[in-house]
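Everything numeric in this text was worked out from a predicted model, so none of it was measured. Side chains are part of it too, since the values below use all heavy atoms of this structure and drop only hydrogens, waters and symmetry mates.
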Amino acid sequence: KRLMSSERQLLETDNPWWGEHVHRYQEIIPHLGSGDKILDLACGTGFGSNILAGHTKGLVIGGDIAADAIQDCNRIWEKDNLRFEVLDGTRLPYEDNSFDKIASFETIEHTTHYREMINEFWRILKPGGIAFISTPNFPVNSPSGKVTNPYHTQEFTYDELKNILTGI
């Protein structure tokens, strides 16, 4: 099953997860070039794509598999260098080497097709580009040794994630 969950960071800033989610995007800002083309995959409500678009003149594409999320993003966020598209991370409609940066936060734990997604990231990332990826740390998020979040198809240890990202 390729569909991802509807576990999204809402736009209300008075929830316990807001700062954590915003912080991920703030970590990217020092790495942005003035004309970087950026993909924010699994953008959800689009707040992070909007943050990134405010720190580059390059095109920022927020993508999500959920058409209703993309419709909301297009209604809420307006910047000349920002657009939103319905995207399946395992089949991205872009040419090889077409993005300077990719952000995909709290995504790969929602699909059993995470290897296909990572392969797509590497395919569309320009040489020297950077992919910023986060996912829950299995021993921290699920200390019982069993994934308890009903939206997660799996979670990874640090070493497992490192091996996935390096193709081992």
So the salt bridge (charged side-chain N to carboxylate O under 4.0 Å, His left out) pairs with at least one residue in residues 118-127 (sequence neighbours excluded) are D96-R123, D100-K126, E120-R123
Testing the basics here: between [X] and [Y], what is the closest heavy-atom pair and its distance to 0.1 Å?
X: S49; Y: G62; result: OG-CA, 3.4 Å
X: L39; Y: F99; result: N-CD2, 3.4 Å
X: C43; Y: I70; result: SG-CD1, 4.0 Å
X: G33; Y: K101; result: N-NZ, 4.4 Å
X: K37; Y: S98; result: CD-O, 3.1 Å
X: K162; Y: T166; result: O-OG1, 2.8 Å

Interatomic spacing from [atom1] in [X] to [atom2] in [Y] - rounded to 0.5 Å:
X: L41; Y: D88; atom1: CG; atom2: CG; answer: 8.5 Å
X: N119; Y: T90; atom1: CG; atom2: OG1; answer: 10.5 Å
X: H23; Y: S134; atom1: NE2; atom2: OG; answer: 10.5 Å
X: Q26; Y: L52; atom1: CD; atom2: CG; answer: 10.5 Å
X: E85; Y: L92; atom1: CD; atom2: CG; answer: 10.0 Å
X: L82; Y: W77; atom1: CG; atom2: CH2; answer: 9.0 Å

List for me each residue that meets side-chain contact (heavy atoms from CB on, under 4.5 Å) alongside [X], sequence neighbours excluded, and say none if there are none.
X: T135; result: I108, E109, F156, L161
X: L125; result: I102, W122, A131
X: T56; result: D36, I38, V60, N81

Taking the hydrophobic residues Ile, Leu, Val, Met, Phe, Trp and Tyr, and joining any pair whose side-chain heavy atoms are under 4.5 Å apart, which ones share a cluster with V147?
-> F138
So with a 6.0 Å cut-off around NZ of K57, is the heavy-atom count from everything else above 12?
->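 It does not: K57 NZ has 12 such atoms or fewer within range.
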Other residues, nucleotides, ligands: >12 heavy atoms within 6.0 Å of Q154 CD | yes
Given side-chain contact (heavy atoms from CB on, under 4.5 Å), test L165 with F121 step by step and report yes or no.
-> CA-CA 10 Å; L165 296 178; F121 292 170; over 6 Å; no
Applying ring-ring contact (aromatic ring centres under 6.0 Å, His included), name anything that partners F105, two or more places apart in sequence or on another chain.
->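 Partners of F105 by the ring-ring contact (aromatic ring centres under 6.0 Å, His included) criterion, ordered by chain and then number, come out as Y25.
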Are I164 and Y158 in one and the same hydrophobic cluster, where Ile, Leu, Val, Met, Phe, Trp and Tyr link if side-chain heavy atoms are under 4.5 Å apart?
->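 Looking at the clustering, Y158 is in a separate group from I164.
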Kindly indicate whether the side chain of I28, heavy atoms from C-beta on, has any atom under 4.5 Å from the side chain of I130.
-> no
Looking at side-chain heavy atoms only, is the closest gap between N149 and S142 below 4.5 Å?
->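 Answer no - side chains too far apart.
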Can a donor-acceptor pair be found, under 3.5 Å and without considering hydrogens, that links the side chain of [X] to the backbone of [Y]?
X: D64; Y: G44; answer: yes
X: N141; Y: N137; answer: no
X: E27; Y: V22; answer: no

Any chance you could lay out the side-chain contact (heavy atoms from CB on, under 4.5 Å) test for T45 and I76, step after step, and finish with the verdict?
-> CA-CA 9 Å; T45 57; I76 295 168; over 6 Å; no
